[in-house]
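Chain identifiers are assigned alphabetically (A, B, ...) following the order of the sequence lines, protein sequences preceding nucleic acid strands; residue numbering begins at 1 within each chain.
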Number of protein chains: 2
Amino acid sequence: MAAVDRRRLVLDAAAKSFALFGYKATTMDQVAKIANVGKGTIYTFFTNKDELFDEILHSAITDMRKIAERTIRDDRDFFDNLYRVLDALLDFRDEHALFIKLSQEKRDLGTPKADYGLAKVENVIVSYIQGVVEQAIRNDEIRPCDAQVVSYVMLRLYTSLAGDFNQLREPLPKEQIKEYMLLFLEQGLRSSG
Amino acid sequence: MAAVDRRRLVLDAAAKSFALFGYKATTMDQVAKIANVGKGTIYTFFTNKDELFDEILHSAITDMRKIAERTIRDDRDFFDNLYRVLDALLDFRDEHALFIKLSQEKRDLGTPKADYGLAKVENVIVSYIQGVVEQAIRNDEIRPCDAQVVSYVMLRLYTSLAGDFNQLREPLPKEQIKEYMLLFLEQGLRSSG
DNA sequence: CGTTTGACCGAAAATGAATTTTAGTCAATT
DNA sequence: AATTGACTAAAATTCATTTTCGGTCAAACG
């Protein structure tokens with residue numbers, strides 16, 4: 001039974017190629033070659049290159065969601081969960097070959113599709129955090145606030161400390177990133193004395 | 001008396017041209033033309049285009065410093081001063097024709113010199129804030145912390161709320177930006193209840 | 001004699017025509 | 001009915017030619 005699942009073959013080939021060569025340098029001929037199918041076959045499953053890319057992106061994002069869900073633990077408090085989920089999501093993003101390649105492509109080529117893909121990932125992260133924040137507000141763990149604004153700022157806060165800041169100084173150790181996150185989010189800066 | 005100050009003429013012409021056309025599209029021939037001097041004359045005062053650009057940049061940065069100094073008021077507390085100085089500096093930056101042009105050029109052309117100029121401005125802002133933060137630590141207005149990390153994060157926090165966020169939603173009104181700044185910096189997020 | 005100048009130079013960038021590559025189609029094949 | 005790859009139109013790349021630009025310097029100027 002079971003004739004080869006050509007859709008699967010195409011999907012796997014495309015995932016490999018996008019991760020290895022990026023959006024622009026992935027050609028439909030190449031995907032067909034890797035998948036061992038005729039080029040026309042690709043178009044029976046996907047209307048065009050963009051849709052194929054979206055499908056790959058979507059599946060990577062789904063993986064990311066799973067990581068996030070596995071990381072959230074009901075027995076931990078909001079701030080602990082927040083830190084761990086940000087850490088997990090961004091670690092995942094920074095290590096996933098597809099996202100690494102898209103970041104390079106954005107930086108080096110400025111490919112709009114790479115931009116679009118990364119923006120989509122960022123939105124998913126923000127809206128995931130947003131859910132966590134909304135839950136925390138309901139639990140009265142944090143004070144009422146606009147969850148979207150706050151989750152956006154949290155992501156920025158984290159990436160400022162973990163990433164952008166490296167251009168100015170040595171990368172901060174994880175422990176210290178956590179410390180500063182908590183300083184801003186949990187305690188604020190005002191002197192306790 | 002007073003033969004025309006040709007150095008001044010060149011400087012004014014260059015300032016006008018960089019602000020109007022950006023770094024790349026400003027040619028030495030054009031600067032000479034605007035300044036009404038021969039091109040060779042420029043090179044008696046400045047070794048090359050880069051140095052001329054640096055001089056213009058430096059003078060814009062000096063203006064910015066003056067604004068900041070005028071804005072800091074000893075009779076206000078740290079958080080008030082912080083908010084007002086960030087606001088003043090970034091308003092200035094956003095309205096100064098040179099910086100507007102350089103931002104466009106960075107976005108549209110990716111000119112490295114435009115990048116460099118804006119990075120320099122950002123460094124000045126961060127180190128200015130850093131001074132304010134260090135003072136506040138000495139005054140025991142805020143708890144001890146790494147002033148560079150904290151001032152960097154403050155700038156990012158502000159620009160996240162005032163700028164980057166606009167891609168996701170309507171721009172936040174000033175009052176609300178201030179509110180969120182204070183939420184993070186002064187109080188932290190934890191529920192008071 | 002010190003200052004100013006613009007014609008001049010080589011390097012770098014812009015142009016555009018010729019060539020190659022690529023996304024997407026479809027008649028032939030299995 | 002599903003699959004294919006030769007085919008096409010459009011986009012990207014190449015590359016020789018032309019133009020522009022930063023920087024120099026011998027001549028002109030005062």
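Residue Asp74(A) places its CG atom among 12 or fewer non-hydrogen atoms of other residues, nucleotides or ligands, all under 6.0 Å distant.
Within 4.0 Å (heavy atoms only), Lys39(B) reaches at least one base atom of the nucleic acid. Here Thr27(A) lies in heavy-atom contact (under 4.0 Å) with sugar-phosphate atoms only. Using a 4.0 Å heavy-atom cutoff across all strands shown, Thr47(B) reaches no nucleic acid atom at all.
Using modelled atom types, one finds a donor on one side chain and an acceptor on the other under 3.5 Å when comparing Gln135(B) with Arg138(B). A donor-acceptor contact under 3.5 angstrom links the side chains of Tyr116(B) and Lys120(B), judged on distance only.
Positionally, the nearest nucleotide of DNA chain C for Gly40(B) lies more toward the 5' end than for the other of Gly40(B) and Gly40(A).
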Open item on the list: Quick one, Leu90(B) with Leu155(B), criterion side-chain contact (heavy atoms from CB on, under 4.5 Å). Give me CA distance, side-chain angles, the key distance, then yes/no.
Closed with: CA-CA 10 Å; Leu90(B) 293 168; Leu155(B) 175 59; 4.2 Å; yes

Under 3.5 Å between N/O atoms: give me all the protein pairs with nucleotides 27-29 of chain D, atom names plus distance.
none

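At the phosphate of dT3(D), neither OP1 nor OP2 sits under 4.0 Å from any side-chain N or O atom of Thr41(A).
Relative ring orientation between Tyr158(B) and Tyr83(B) is described as tilted, the plane-to-plane angle lying within the 30° to 60° band.
Regarding Tyr43(B), its OH atom lies at a distance of 15 Å from the C1' atom of dT4(C), rounded to whole Å.
The stretch residues 12-25 of chain A touches DNA chain D through Lys24(A), each having a heavy atom within less than 4.0 Å of the strand.
Under the 4.0 Å criterion applied to side-chain N and carboxylate O atoms, Asp29(B) and Lys33(B) are not assigned as salt-bridge partners. Salt bridge status for Lys174(B) with Glu179(B): absent, with no side-chain N to carboxylate O gap under 4.0 Å.
By the 6.0 Å and 45° rule, Lys49(A) stacks over the aromatic ring of Tyr23(A).
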